Amino acid sequence: MNVWIAIGVTAVACYAVKLAGLLVPAGALERPLVRRLAALLPVALLAALTAQQTFADGHALVLDARAAGLAAAAVAVVLRAPFLLVVAAAVAVTAGVRALGG
């Protein structure tokens, strides 16, 4: 398949998804269940993406330096550190564990 055809199909599909979201009646969005799901869905998706990127390598589960970095970030979050410090802690611990051969 030509790359430009794939790009065009993807652009049209993205526009169709956005248009479908605009066509949802306002009354459907005001329901308590929909509001609760809309509040919780981003957190669940972020947690799933974080877990997949941290513990997966192709089709296998792994426990490597990324897990140590995630643990350091979690500790920094619990200690209410600023976001940049959380990221810096995760990067430093991950790099340190990799430097030590982990």
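Note that this is a predicted model, so its numbers are computed, not measured.
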So, for D64 and T54, which heavy atoms are closest and what is the spacing to 0.1 Å?
-> OD1-O, 4.1 Å
Taking all atoms of both residues into account, what is the closest heavy-atom pair of V86 and A76, and its distance?
-> CG2-CB, 3.8 Å
Out of curiosity, does F83 fall in the hydrophobic cluster containing L46 (side-chain heavy atoms, cut-off under 4.5 Å, transitive links)?
-> no
First locate atom CG of L37, then atom CZ of R31, and finally report the distance between them rounded to the nearest 0.5 Å.
-> 12.0 Å
Smallest separation among heavy atoms of V97 and A68, with atom names | CG2-CB, 3.8 Å
Minimal non-hydrogen separation, A72 against V93, with atom names | CB-CG2, 3.5 Å
Between R66 and T94, is there a donor-acceptor pair closer than 3.5 Å when you use the side chain of the first and the backbone of the second?
-> no
Any idea which heavy atoms bring A90 and A73 closest together, and the distance?
-> CB-CB, 3.9 Å
Rounded to the nearest 0.5 Å, how far apart are CD of Q52 and CG of D57?
-> 10.0 Å
From CG (L85) to CG (L79), nearest 0.5 Å = 9.5 Å
F55 and L63: CA distance, side-chain angles, deciding distance, side-chain contact (heavy atoms from CB on, under 4.5 Å) verdict | CA-CA 6 Å; F55 300 112; L63 192 62; 3.9 Å; yes
